Every structure is written in structure tokens, then in C-alpha cells.
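For reference, the structure is listed below as C-alpha cells.
FYI, side chains are in, hydrogens and waters are out, and symmetry mates aren't considered; it's all heavy atoms of this structure. What you are looking at is a predicted structure, and each value in this text was computed from that prediction instead of being measured.
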Amino acid sequence: MNLTFYKYQGTGNDFVMIDNRTKIFPKTNTDKISQICDRHFGIGADGIILIENDNDFDFKMIYFNADGSQTFCGNGGRCAVAFAKYLNIIKDKTTFLAYDGQHFAEINEGIVSLHMIDVHEIVVKENSVFAYTGTQHHVEMVDELDNYPVFDNGKKIRYSYADPGSNVNFAQQINENTFRVRTYEKGVEDETLACGTGVTAVAIAMHKTNKTKSNSISLPVEGGILQVSFNENNGIYTNVFLKGPAKFVFEGDIVI
């Protein structure tokens, strides 16, 4: 069967987008998901996003990592909003359902501002911070991020956490409210050009550990720049927004 797909990217985090409102995609076939995401034998992507109908929300977003595992993805959520607008499901504002619950978002000229979940699971360790921002994230500050062995060290740390493991973010402070970030993503099992839940975790970790007093933080990643803003009260972070571009790349057909 031929299936039409659409390729989107948010600061280099790239996704295969599929309109699955007719429930035609084989969601239980993890081998097929991995094959589609393979950059040599498939379309190539960090993950697959399905848009489905939901009785209580504008749409439901289902996200699969390249290995077929499910989670929430911040940049994927922003791309899902752009794709839903393309499909005429929404206009400029939406409330949709995802792996970690409901999300509100706005889109304006290709820039998507996505309301993330409240963040209250934060563990400050001696040299790192763990935060749950829709998925698990380890945050660690390093020097000379350009030359840092993100893949090797990220992989070690990723598997040091109990199943399902943790994404790993390495950050370097540029100024009071700017932190560069590189991320090793579980499920992709590689460094990606950006990670939305990752930069959200970094922004909150930097505020939590008093590296910044700002509640609006700029986060340059390998694929561009993301913005994270939030409110903090008694150690709980609310009104968390992830903002950045979400762009259509191309569309095509694949046999499944």
C-alpha cells in the first residue's frame, strides 16, 4: 500500500509526518517504524509523528522514536502543530493530546509556541540535574562544548539510568540568559541537531541551580535557536513554553 508522508523539521530535529485519521498506519510494527526512519534504507528521520482524531481535542499526536519506542517530543509537538495547520485541522491556535497529556500551542508565520507540561520532578545532583519535561532528561554543564564527546559520554550516561534510560544534555553558558546545548537522544541513540524537551530541561535546570535568574532563556542548538520561558513558584515550574520554527521540507509516497 502506498502511503503519503510529509517531512518536517524544527531546528534540525526532523520527523516523518503522517495523517493517520483513517488509522491506516501499522503502529505496532516497530521494525517498519525503524526502517522508515533509517537514513540509508528509508526516508530518514529522528522519529515518526502520526496525527489522529480525538473526541475531546483538535487532534491526537502519537510520536515514535526511530527505534519504535513511544514518548513525547517537544520539537515534534511543534511540527505536529504546523502539520495540523497544513491539513486544515486547526488555524492559529490549538489544544491537542500527546503522550504526556494535553498541550496548547499557537503558530504564527512558521514559529510555534508550545505549552509544555508543568515540571516538578527535578533532582539536583553533585554535577548534574535530572528533570522530567515530558520525557527523562539528564543535564550537565561542560566546557568547550564544540569539542565535547557528546556521543560517547552521552551514551554512557543514557544507560546509567534505569529503564527507559534518559536523554542527555550537555550545556555551556554563554551569558546570563543564553545556554548552548547539545543532546544525545535515547530512542534515536545518537546526537540530534536539537531536542525541545531537552532545552526545556536545560533552561529549568539552569534556573534551579541559580546559573540564571531569568525566566526567559535562549538556547542555541546545532540546528538553530530555541526559546524557553516559564514561571517558578516553590520549586514548581508552570506556564512553560517552548518556542521556535517548524518547517515543511518535502512530501512523497512510501510503500508500507
Side-chain angles (χ1 to χ4, degrees), residues 8-15 45-47 72-79 81-82 105-116 119 122 127-131 133-154 157-158 166-186 188 190-230 232 237 239-249:
Y8 276 73
Q9 61 90 7
T11 52
N13 220 177
D14 61 337
F15 310 100
D46 293 328
F72 178 67
C73 176
N75 285 330
R78 295 191 307 97
C79 286
V81 171
E106 293 184 88
I107 180 169
N108 183 19
E109 296 183 351
I111 302 298
V112 179
S113 181
L114 175 66
H115 190 194
M116 308 287 280
V119 180
I122 308 167
N127 297 309
S128 65
V129 177
F130 175 86
T133 56
T135 189
Q136 299 84 358
H137 278 282
H138 172 104
V139 176
E140 189 171 315
M141 294 196 74
V142 300
D143 297 322
E144 298 184 6
L145 186 59
D146 284 337
N147 300 317
Y148 193 79
V150 171
F151 179 85
D152 290 339
N153 288 0
I157 295 169
R158 176 256 192 273
S166 179
N167 296 285
V168 183
N169 307 274
F170 300 103
Q172 181 176 0
Q173 185 163 12
I174 305 303
N175 56 42
E176 164 65 17
N177 65 343
T178 305
F179 295 84
R180 277 198 59 219
V181 182
R182 292 175 65 185
T183 302
Y184 178 96
E185 284 201 55
K186 65 179 175 64
V188 182
D190 204 349
E191 179 180 1
T192 54
L193 295 182
C195 179
T197 52
V199 298
T200 302
V202 170
I204 288 171
M206 296 302 99
H207 187 271
K208 181 75 172 179
T209 56
N210 299 313
K211 301 294 189 302
T212 180
K213 291 182 171 27
S214 177
N215 66 348
S216 181
I217 297 175
S218 178
L219 299 125
V221 294
E222 296 299 279
I225 299 176
L226 293 163
Q227 305 285 335
V228 173
S229 60
F230 49 79
E232 183 270 334
Y237 290 79
N239 205 32
V240 181
F241 277 89
L242 169 68
K243 184 177 181 180
K247 296 184 178 181
F248 168 77
V249 182

Residues at least two apart in sequence or cross-chain that pass side-chain hydrogen bond (donor to acceptor under 3.5 Å, both in side chains) with Thr200, listed by chain then number, are none
| said: The test is side-chain contact (heavy atoms from CB on, under 4.5 Å); show your working for Phe170 and Val181 and say whether it passes. | reply: CA-CA 6 Å; Phe170 300 103; Val181 182; over 6 Å; no
**Prompt:** Within the distance-only criterion (no hydrogens, no angle test), does the side chain of Asp46 pair as donor or acceptor with the backbone N or O of Asp14 below 3.5 angstrom?
**Reply:** yes
NE2 of His115 to OG of Ser229, rounded to nearest 0.5 Å, is 9.0 Å
Worksheet item: Counting distance only, does the side-chain N/O of Asn177 pair as donor-acceptor with the main-chain N or O of Ile217 below 3.5 Å?
Response: no
Review point. Do Lys186 and Thr135 have side-chain heavy atoms sitting under 4.5 Å apart?
Key: yes
query: With no hydrogens and no angle check, is any side-chain donor or acceptor of Arg182 less than 3.5 Å from a backbone partner on Ala171?
result: no
Q. Does a side chain donor of either Asn153 or Tyr148 reach within less than 3.5 Å of an acceptor in the other side chain?
A. yes
For Ile107 and Ala82 the tightest heavy-atom approach is CD1-CA, 3.8 Å
What's the verdict on side-chain contact (heavy atoms from CB on, under 4.5 Å) for Met141 and Gln173, showing C-alpha distance, side-chain angles and the deciding distance? CA-CA 8 Å; Met141 294 196 74; Gln173 185 163 12; 3.9 Å; yes
Keeping Glu185 on the side-chain end and Asn167 on the backbone end, is there a donor-acceptor pair under 3.5 Å? no
Sorted by chain and number, sequence neighbours left out, side-chain hydrogen bond (donor to acceptor under 3.5 Å, both in side chains) with Glu140 holds for His138
Pair Glu106-Ser113, side-chain donor/acceptor within less than 3.5 Å | no
In short, Ala246 meets Val112 closest at the heavy-atom pair CB-CG2, 4.0 Å
Requested in this report: Please assess Glu144 against Gln172 for the test side-chain contact (heavy atoms from CB on, under 4.5 Å), listing each intermediate value before the final yes or no.
Outcome: CA-CA 8 Å; Glu144 298 184 6; Gln172 181 176 0; 5.5 Å; no
Sorted by chain and number, sequence neighbours left out, side-chain hydrogen bond (donor to acceptor under 3.5 Å, both in side chains) with Asn147 holds for none
- Query: Can you tell me if Asn169 and Thr183 form a side-chain donor-acceptor pair at under 3.5 Å?
  - Reply: yes
Exercise. Are the side chains of His207 and Glu232 in touch, meaning some heavy atoms are under 4.5 Å apart?
Worked result: yes
Check your understanding: Can you find a pair of side-chain heavy atoms, one from Leu242 and one from Leu226, that are under 4.5 Å apart?
Key -> yes
- Pair Thr197, His137: side-chain N/O donor-acceptor within cut-off below 3.5 Å: yes
Non-hydrogen side-chain atoms of Phe241 and Leu114 separated by less than 4.5 Å: no
So the salt bridge (charged side-chain N to carboxylate O under 4.0 Å, His left out) pairs with at least one residue in residues 196-212 (sequence neighbours excluded) are none
- Query: Is the side chain of Thr209 donor-acceptor paired with the backbone N or O of Ala205 at a distance under 3.5 Å, no angle test?
  - Reply: yes
| request: May I have the step-by-step check of side-chain contact (heavy atoms from CB on, under 4.5 Å) for Phe130 and Gln136, ending in yes or no? | output: CA-CA 7 Å; Phe130 175 86; Gln136 299 84 358; 3.7 Å; yes
In terms of heavy-atom contacts, Phe230 and Ile204 come closest through CD2-CG1, 4.3 Å
Quick one: does Phe179's side chain get under 4.5 Å of Val199's, heavy atoms only?
-> no
_For the CG atom on Asn175, are there more than 12 heavy atoms of other groups (residues, nucleotides or ligands in this structure) within a distance under 6.0 Å?_
yes
Donor-acceptor under 3.5 Å (Ser166 side chain, Arg158 main chain): no
Applying ring-ring contact (aromatic ring centres under 6.0 Å, His included) to Tyr8 and not counting sequence neighbours gives Phe83, Phe248
Closest non-hydrogen atoms of Gly76 and Phe15, given as atom of the first, atom of the second and distance, are N-CZ, 3.4 Å
Exercise. Compare all side-chain heavy atoms of Thr133 with those of Phe72 and state whether any distance is below 4.5 angstrom.
Key: no
Output for pair (Arg78 CZ, Lys243 NZ), nearest 0.5 Å, gives 11.0 Å
Point to revise | Contact check, side chains of Glu222 and Glu191, non-hydrogen atoms, under 4.5 Å | key: yes
In short, Thr192 meets Cys195 closest at the heavy-atom pair OG1-CB, 4.4 Å
Hits for side-chain hydrogen bond (donor to acceptor under 3.5 Å, both in side chains) against Asp146, two or more places apart or cross-chain, chain-then-number order -> Arg180
Side-chain heavy atoms of Leu193 within contact of Asn13, under 4.5 Å: no
Closest non-hydrogen atoms of Ser218 and Ile225, given as atom of the first, atom of the second and distance, are OG-CG2, 3.5 Å
